[in-house]
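The analysis underlying the following values was restricted to heavy atoms, covering all of them including side chains, and did not include hydrogens, waters or symmetry mates. Numbers restart at 1 for each chain; the letters A, B, ... are given by sequence-line order, proteins then strands.
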Amino acid sequence: MTTTPRAVRRASPRARRTTAPQPDPAAPLLPSRDPVRMLDESGKRIPSEYAEPPGETLRELYRRMVIGRRFDVQATALTKQGRLAVYPSSRGQEACQVAGVMAVRPDDWVFPTYRESMALVSRGIDPVEVLTLLRGDWHCGYDPAALHTAPQCTPLATQTIHAAGVAYGEAYQGRDTVALAFIGDGATSEGDFHEGVNFAAVFRAPVVFFVQNNRYAISVPLSRQTAAPSLAYKGVGYGIACEQVDGNDPVAVLAVLNRAVEHARSGNGPFLVEAHTYRLEPHTNADDASRYRTMDEVEAWLGRDPIARLEAYLRGAGVLDDAAVEAVRAEAEAYAADLRERMNAEPTVDPMSLFDHVYATPTPQLLEQREQVRAELAAESEVES
Amino acid sequence: MTTTPRAVRRASPRARRTTAPQPDPAAPLLPSRDPVRMLDESGKRIPSEYAEPPGETLRELYRRMVIGRRFDVQATALTKQGRLAVYPSSRGQEACQVAGVMAVRPDDWVFPTYRESMALVSRGIDPVEVLTLLRGDWHCGYDPAALHTAPQCTPLATQTIHAAGVAYGEAYQGRDTVALAFIGDGATSEGDFHEGVNFAAVFRAPVVFFVQNNRYAISVPLSRQTAAPSLAYKGVGYGIACEQVDGNDPVAVLAVLNRAVEHARSGNGPFLVEAHTYRLEPHTNADDASRYRTMDEVEAWLGRDPIARLEAYLRGAGVLDDAAVEAVRAEAEAYAADLRERMNAEPTVDPMSLFDHVYATPTPQLLEQREQVRAELAAESEVES
Amino acid sequence: MSAVTTTSVSMAKALNAALRDAMAADERVVVFGEDVGQLGGVFRITDGLLATYGEQRCFDTPLAEAGIVGFAVGMAMSGLRPVVEMQFDAFAYPAFEQITSHVAKLRNRTRGALGVPIVIRVPYAGGIGGVEHHCDSSEAYYAHTPGLKVVTPGCVEDAYSLLREAIDDPDPVVFLEPKKLYFTSAEASLPVTTPGFGRAVVRRPGRDATLIAYGPSVPVALEAAEAARDEGWDLEVIDLRTLVPFDDETVTASVRRTGRCVVVQEAQGFAGMGAEIAARVQERCFHSLHAPVLRVAGLDIPYPPPKLEHLHLPGVDRVLDAVARLQWDDQPDPRWVAA
Amino acid sequence: MSAVTTTSVSMAKALNAALRDAMAADERVVVFGEDVGQLGGVFRITDGLLATYGEQRCFDTPLAEAGIVGFAVGMAMSGLRPVVEMQFDAFAYPAFEQITSHVAKLRNRTRGALGVPIVIRVPYAGGIGGVEHHCDSSEAYYAHTPGLKVVTPGCVEDAYSLLREAIDDPDPVVFLEPKKLYFTSAEASLPVTTPGFGRAVVRRPGRDATLIAYGPSVPVALEAAEAARDEGWDLEVIDLRTLVPFDDETVTASVRRTGRCVVVQEAQGFAGMGAEIAARVQERCFHSLHAPVLRVAGLDIPYPPPKLEHLHLPGVDRVLDAVARLQWDDQPDPRWVAA
Ligand SMILES: Cc1ncc(C[n+]2csc(CCOP(=O)(O)OP(=O)(O)O)c2C)c(N)n1
Ligand SMILES: Cc1ncc(C[n+]2csc(CCOP(=O)(O)OP(=O)(O)O)c2C)c(N)n1
Ligand SMILES: [Mg+2]
Ligand SMILES: [Mg+2]
């Protein structure tokens, strides 16, 4: 722990910048003029400077996207049955959700928002534990420390700073883990986004900031978040690498994220990736999207389905065939059936946990209140029995 | 007031941006590769695409810089005599302080920080009223509404948002006023800077954000605020015009600010200007700058004196001669003498004003407390007499 | 102005009508925030304002609460009267510096030259099964900050009238809307004018003890008072309506008469608004009190998940328990004897 | 560990020693914030830490308080124990969302899986002639937020010992340092261990009434107690030391014995910490009280400019006035009879 951490070493914090002429300092900072694409809308390969992930990986990407979507559809259905309090769907954003977590290692840290339930199950987290928050049982159902996965974050953009802190802290302790912070287009307007990216930049912390630009923040359109050509350009102001990518092109999303993670892991500081995508469902099941967008718009994006695109490509490349597709479909159905069944069981939530984790050791005042609630519950169950 | 305001009209808020190929969208957004200069360090004119302000104006710029510096030196002296609680000097930053307020009209709104006392006196505000805050009499000594000059702002970067709001509000009411927000290099790291610039950008509010990059935030060097080539590059991420300028070149600072103000006033949205400069004094009289910077560094910047540079240029151009220089010097001395004398008089501060302006009409609780304090003071003065 | 008719109106609709009427009455009134435009707000409080008054007077902003509040400060400086919406209680926290260091202080800092006539609307408190960060009771943070007025309606009529008054007020008002009351209705004819800022109202007269409530706890207190009748207690219920300015007169008069007092608040109890009320009441009514002023409040925990919120929220039973502990037999409360 | 010697130590030096010793004892402790490195902090509390422990363990950050606190949260998640400095009280407000929505809640949200052992040091309160935004007493905001521990030393020994304990604590601690006491000194031998969190201390025993104070108001209360002797009152002075957890036991025992109580706080009074104390005391000691619990607090105004701060700050005279109003003649306080 006493070795100078890489991130820290490279920061060279007291180096003074000079005002003397420099060779076009911003040029290498600009993202691609247009979003990176590796597959066209029909699934045909487009040449790109980015390295295509191996067939095995793409096949796995496909598998997780199919399961992820099935999971997502199931979760939305559960809200209608009153089994979930609320669910923010990421249908349409499967390429981003799945490639995001596939680009990182299990010991890397992931910072999801409320939107990333699909990403979390794709990372292998038990879907019931993922839905604990949205079922209303507790604020977080999985073990974030063990899984290196922060609780899903609701206060917008606040998690970007935590990602910078974790990345710095891990490097400080000599580990080569990376932090991946998911964030929405709307949340880039929050001050915390600015501070998080800037902290990572100044301290060269290994963070990938991954903006899923799905064009809306609830009802607020992208034009109310930025006047810049694209959100990726924000990287320029922080002096960090940045890129924009077609968020419905699974191959491109994974390829760009792979490079971003590699960049961060090898000590080059943070990387900002903007994926242009679209959420097909309302913001959550409680939202009425017809108030702010047309069905035509939604239809157009339905035609840019990331799963269909990848499937077409992999079939063409001989990586997928009918049998494999069918097997994945069946697996997804089984996954959903299992989830459905397990979500039918009403979980027992221990009321005493209200008091037990406010502090490591409850204060005397909390013990009093705990005792009061315990007595009330005991009296109630006496009345009942 | 019912006409659609210009800023609002141009925002075209629901316009959707397309992901289709665009011609190099960021290129026109980049600032100059190197800070704009119009005078070299010896005061010789360098060719520039920026328009040189008329001789009359430069002469006035010179005059106000000389008086401004004299004011500043006087204020620092007043701290030593215990006549000011604290004073943050802007010696060395005269070009920025004075050109800043000369670039705007009296009905434009100015948002100064604690550092801008010199700018305020250059705007024609009574120096005693400017120093009210720092003398400890009240939080603001001048009338901000009448003077279209916000109180000096201490909480970093918070004023950038107010500037956006005023600019939008003025445009909404059909006025063509501009808001000029001063801000330091360190304060650009605050979330509020991000939000202020972004609001102005999204609503195309006529604001000029003027960063005086004096290389330090108290002791924290610029390298801890940003990893970008320069702070001006931050404009790119907001899709707004930006520029960097040699902050010790008064002609260039005024020329760039003139363009920025013109840009904003004619409905093109905000403009971000970064001036590279240096504060010669400690952060305030209470600061010990020797802890974080060398005298060599200070010496080097003493050699880049903005006043000497402008004087040399104007003498060469025949706009200034010995007599004129002497007249300005004498005026500055008289100004300082007058200030010194007026600051000797201990002002009377009405204690009841503590209560009178918490709300437009004091609450019953405040009236009680007011009465209590009045009674205490009455009892005291009885004891004394 | 809306036509005067008596119909069943929800609190949400009353608030919407107040905004609508205020915008009609004064062109300087502008409404903005997150999702307040096309969507009409996640609770539809701004529904239809964009359609009626256009993009300039009701619009969506970037997602940035400090930005929204700071933008309002600037607009107020230019002479407008902004009404902004924070989407939920906990999402006003990013604006905390703007609220405490600018909104609350600007008039004072400038000796009255720059008032800040803005209204910060905050849907607050719980009881709606919301997930974390959507149910905070944040009134104490604001009430403790000099320069802010803090208002929270407990009924439909007040929702309308107090919001109109807030918009007309020369000072900044944090207007706290109890989310769980949005869809409660009353027969009301709008526009309606109820007593002004700084006036508490006795919602139910009673002789034996005084329940003091505000916002979301008003219906709880009223229900408790009804239930208490069965147990032989005649309880007075006071709705504070505005926390700042505070109506000492009404409160003190009531407690001096009844001699007993319970304060009901939904927020976590420690250092909450109820503490201020209890402290004031015992200061002013000490010699009339037959028992300590008791508080029924939320637990001192982060707001719980939906499945457990019923354990957190002060309900009728807890209020009645507190009333029972008001030493009717003139014995010290055994609860505190050991503590 | 520092060598054990008794010398005159200022509170500033004691805090510096605590940081130094904590860093020596535990490599996971890192210190960062604005100007804490080369400069050693504007109050020099971090003086020399950079030189001793290097850039990795004591460093300056960008000027962004939410960033500083959020960065600490992330570092704590990775297993470190960050100690951050907010330069002044009002400059912690930009971090309010990080503090309330993350720092305070993370352990609870994750059922104990993710604790947040960070210390947020805040130089606070006034009495130093500081200009606006440099003198806020912000303790109530934190004390009202479940999940935070709130600590404020009133003497040199506590400054050392409580800061060491805060750094070792598994929970987040808002550590409020009374600026005006930074340069007060005491004969002390560091390291020193004083009673732990949740223990108030009787600084001066007395029989007639209890003064409850904390942080900057402790010396005021002690001075008032001395002065009261001349007027024939023997006053007990309690220093709370930690506002959360709160020591009901010590407070209650004292007031039950003395029967009278005055709370002294520097913050504006309304909905402040003193309200909580007064409310608790009358709840628990009602039958022992001969007079209402009174509060002596700052005025309900934004912190005043230097030339007027003496009118705001609760001083000895106001404390004695309050003591005089404790109904020694068993008559109701005329002050409240009209109100
Ligand atoms: C600080 C804060 N303000 C407001 C909200 C309420 N809110 C929740 S989601 C959301 C929209 C976010 O949009 P975006 O960042 O684009 O992400 P998306 O939901 O589209 O994935 C808003 C305003 C919040 N959670 N946090
Ligand atoms: C929100 C906030 N945090 C911290 C401070 C304390 N502070 C006052 S001035 C200053 C340095 C600001 O540096 P910079 O923005 O570069 O402006 P300069 O002082 O160099 O003109 C700091 C940290 C503050 N005033 N506000
Ligand atoms: Mg979005
Ligand atoms: Mg600076």
Side-chain angles (χ1 to χ4, degrees), chain C residues 65-66 90-91 93-94 96-101 104-105 108-109 132-133 136 138-141 143-147 243-244 246 248-249 252 263 267-280 282-287 289 291-295 299-302 327 332-333 336 339, chain D residues 65-66 90-91 93-101 104-105 108-109 132-133 136 139-141 143-147 243-244 246 248-249 252 263 267-280 282-287 289 291-295 299-302 327 332-333 336 339:
Chain C
E65 292 77 10
F91 307 145
Y93 300 155
F96 197 70
E97 181 188 33
Q98 285 287 345
I99 295 174
T100 49
S101 293
K105 291 181 176 164
N108 184 257
R109 293 168 68 210
E132 56 172 3
H133 310 296
D136 279 19
S138 39
E139 70 272 16
Y141 298 134
H144 184 53
T145 305
L243 306 182
V244 181
F246 189 88
D248 278 313
E249 213 175 297
T252 304
V263 185
Q268 62 273 18
F270 198 83
M273 184 64 204
E276 177 61 40
I277 301 168
R280 300 183 84 74
Q282 62 88 35
E283 277 161 7
R284 286 163 175 74
C285 309
F286 185 75
H287 288 269
L289 283 173
V293 181
L294 296 184
R295 292 177 284 167
L299 306 167
D300 288 314
I301 61 174
Q327 310 186 12
D333 188 343
W336 303 133
Chain D
E65 291 77 10
F91 307 144
Y93 300 154
F96 198 70
E97 181 187 33
Q98 285 287 345
I99 295 174
T100 49
S101 293
K105 291 181 176 163
N108 183 257
R109 292 169 68 210
E132 57 172 1
H133 310 296
D136 279 20
E139 70 273 15
Y141 298 133
H144 184 52
T145 305
L243 305 182
V244 181
F246 189 87
D248 278 314
E249 212 175 296
T252 303
V263 184
Q268 62 274 17
F270 198 83
M273 184 63 206
E276 177 60 40
I277 301 168
R280 300 183 86 73
Q282 62 88 34
E283 277 161 8
R284 285 161 177 74
C285 309
F286 185 74
H287 288 269
L289 282 174
V293 181
L294 297 184
R295 292 176 285 166
L299 306 167
D300 287 315
I301 61 174
Q327 311 185 11
D333 187 343
W336 303 133

Highest number of heavy-atom pairs under 4.5 Å with chain D: which of [options]?
options	value
Ala140(C), Ala278(C), Pro94(C), Ala66(C)	Pro94(C)
Gln268(C), Glu276(C), Glu65(C)	Glu276(C)
Ala271(C), Ala143(C), Ala279(C)	Ala271(C)

Would you compute the distance between atom [atom1] of [X] and atom [atom2] of [Y] and round it to the nearest 0.5 angstrom?
X	Y	atom1	atom2	value
Tyr93(C)	Gln98(D)	OH	CD	13.5 Å
Arg280(C)	Phe270(D)	CZ	CZ	5.5 Å
Lys105(C)	His133(D)	NZ	NE2	5.5 Å
His144(C)	Met273(D)	NE2	CE	10.5 Å

Open item on the list: Contact between Leu289(D) and Phe286(C) at the side-chain level, heavy atoms closer than 4.5 Å - yes or no?
Closed with: yes
- [ ] For the residue pair His287(D) and Gln327(C), establish whether any side-chain heavy-atom pair is separated by less than 4.5 Å.
- [x] yes
Of the non-hydrogen atoms in [X] and [Y], which two are nearest, and what is the gap between them?
X	Y	result
Tyr141(C)	Thr145(D)	OH-OG1, 2.6 Å
Val293(D)	Glu283(C)	O-CG, 3.6 Å
Pro146(D)	Asp300(C)	CB-O, 3.4 Å

Open item on the list: Under 4.5 Å from any heavy atom of chain C, what part of Val244(D) do you find: side chain, backbone, both or neither?
Closed with: side chain
Task: Option in Gly272(D), Ala95(D), Gly147(D) with maximal non-hydrogen atom pairs under 4.5 Å from chain C - done: Gly272(D)
Task: Salt bridge flag under 4.0 Å for residues Arg109(D) and Glu132(C) - done: yes
TODO: Examine whether an atom of Thr100(C) lies under 4.5 Å from a heavy atom of chain D, and if so say whether it belongs to the side chain, the backbone or both; otherwise answer neither.
DONE: side chain
